[in-house]
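Data first, discussion second: the structure below is written as structure tokens.
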Amino acid sequence: MAILLMLQRRGQVTAPEVAKELEVSERTARRDLDALGMAGIPVYSVQGRAGGWRLLGGGRTDLSGLTASEARALFLVAGPAASATPEVKAALRKLVRALPEPFREQAEAAASSLIVDSQGWGSSGATNQPPRFLDTLQDAVIRGVQARLGYVDNAGNETGRIVHPLGIVAKGPSWYLVTHTDAGRRTFRIDRVSSVTVTDEPVQRPENFHLAESWREIATEADRRRTPVEVHAICEPEGLVYLQTAVGDNLEIGAASSDGRVAVVIRGPSEYGIAGHLAGLVEWLEITAPQSVRDHLARIGTALTERYG
């Protein structure tokens, strides 16, 4: 299909051109060009220096008969959110590149408009049904047009705003819309969107914007807000596996010192909560800062001794 669309778009192709465009060998390109003819497609070869393969009589194929939802479903398979095999994704990305220019732009937007971040905030979480306005907002991302949102904030206050939709992310059970606004980049939980009016005004996309990179920044900042307390410690190597089990992704492992112990940084929502998590690891872990967490551990140790000593 990709080769056929290339023929339609360019009029004539050579095996080296097909091989380079679709990332295959010239032998594979020639085999597939021959296969088109065997399948009944009116493809013929022209010999000589200016030769190549052409479509007889301007033969054409048309993918524009796909509906918007069908096109979205097809090309989302090529994107990072898909569960398809790498081979399927690679094949569809090649097909996207071979599409006629007007259709290719939206196909590429569909393939890069969505990220599924399966790890929930602090846990794996359960998957819920997609929110009400997900399809409408994804269509705005793909078409590159602005939208007017009604939005309910954490306090239950509803406001209206114009946004430039840039991408959609599924994070655990929640869906988020990443946008550009007059105030800069903003992220909205889609289940809090109360209304959507899609406009015909084009999106103003920040220069060098990449959804995956932007989401990593957003997720990192959100995690830091959730876990504002930072504890520094030194851990015996054999205790690292227990520490990782206790605190999960809230652990940063640093370099080993001359005595073999490893520097670590642990993040959490509260000092007492971190102390409670780490109390059982005293055999391997020494907290170096802050002193307040060391004090919490000392009090926990005293209470344990009084109860069980």
Side-chain angles (χ1 to χ4, degrees), residues 1-116 135 138-145 165-168 200 202-203 205 207-213:
M1 182 62 71
I3 293 174
L4 185 55
L5 289 167
M6 287 177 62
L7 282 163
Q8 177 178 304
R9 180 157 52 95
R10 301 183 184 183
Q12 176 176 304
V13 298
T14 65
E17 288 172 345
V18 171
K20 181 178 179 181
E21 181 79 12
L22 302 187
E23 300 172 4
V24 297
S25 67
E26 288 189 28
R27 180 179 178 182
T28 297
R30 290 191 177 89
R31 182 198 65 196
D32 291 346
L33 283 158
D34 290 336
L36 283 176
M38 294 175 64
I41 305 297
V43 177
Y44 67 100
S45 62
V46 177
Q47 302 301 316
R49 179 174 297 180
W53 274 263
R54 297 178 183 175
L55 277 174
L56 181 64
R60 299 183 65 81
T61 185
D62 187 8
L63 289 187
S64 61
L66 290 172
T67 67
S69 60
E70 288 169 342
R72 180 187 307 128
L74 175 61
F75 290 104
L76 277 174
V77 177
S83 59
T85 65
E87 292 80 8
V88 171
K89 290 184 180 182
L92 281 172
R93 284 195 292 270
K94 293 172 186 177
L95 179 57
V96 167
R97 292 202 299 268
L99 286 170
E101 192 68 37
F103 199 75
R104 192 189 326 159
E105 184 176 346
Q106 287 199 13
E108 289 176 337
S112 61
S113 68
L114 182 68
I115 288 175
V116 175
D135 284 347
Q138 188 175 336
D139 184 65
V141 172
I142 293 170
R143 294 198 293 121
V145 293
L166 302 175
I168 292 173
D200 293 325
V203 161
R205 195 176 184 88
E207 188 176 358
N208 298 322
F209 173 83
H210 297 284
L211 180 58
E213 293 176 5

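We count residues from 1, following the sequence as given.
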### Message
The criterion is salt bridge (charged side-chain N to carboxylate O under 4.0 Å, His left out); which residues satisfy it with Arg54, sequence neighbours excluded?
### Response
none

### Task
Please list, chain by chain and in numerical order, all residues satisfying side chain to side chain contact (heavy atoms under 4.5 Å, CB included) with Ala35, sequence neighbours excluded.
none

### Task
Examine distances only and state if a side-chain atom of Glu26 and a backbone atom of Ala19 form a donor-acceptor pair shorter than 3.5 Å.
no

### Query
With a 4.5 Å heavy-atom cut-off, do Val145 and Asp200 have their side chains touching?
no

### Query
Are Leu166 and Val141 close enough that some pair of their side-chain heavy atoms sits under 4.5 Å apart?
no

### Task
Considering non-hydrogen atoms only, spot the tightest contact between Val43 and Leu33 and give its length.
CG1-O, 4.5 Å

### Message
If the condition is side chain to side chain contact (heavy atoms under 4.5 Å, CB included), which residues does Ser45 pass it with, not counting sequence neighbours?
### Response
Gln47, Trp53

### Summary
Glu17 meets the side chain to side chain contact (heavy atoms under 4.5 Å, CB included) criterion, sequence neighbours left out, with Arg10, Val13, Thr14

### Summary
Here the gap from Ile142 atom CD1 to Ile168 atom CD1, rounded to the nearest 0.5 Å, amounts to 8.0 Å

### Query
So, Asp34 and Arg30, do they make that salt bridge, N to O below 4.0 Å?
no

### Query
How long is the gap from CG on Asp135 to CD on Gln138, to the nearest 0.5 Å?
6.5 Å

### Query
Do Leu36 and Leu7 touch side chain to side chain, with heavy atoms closer than 4.5 Å?
yes

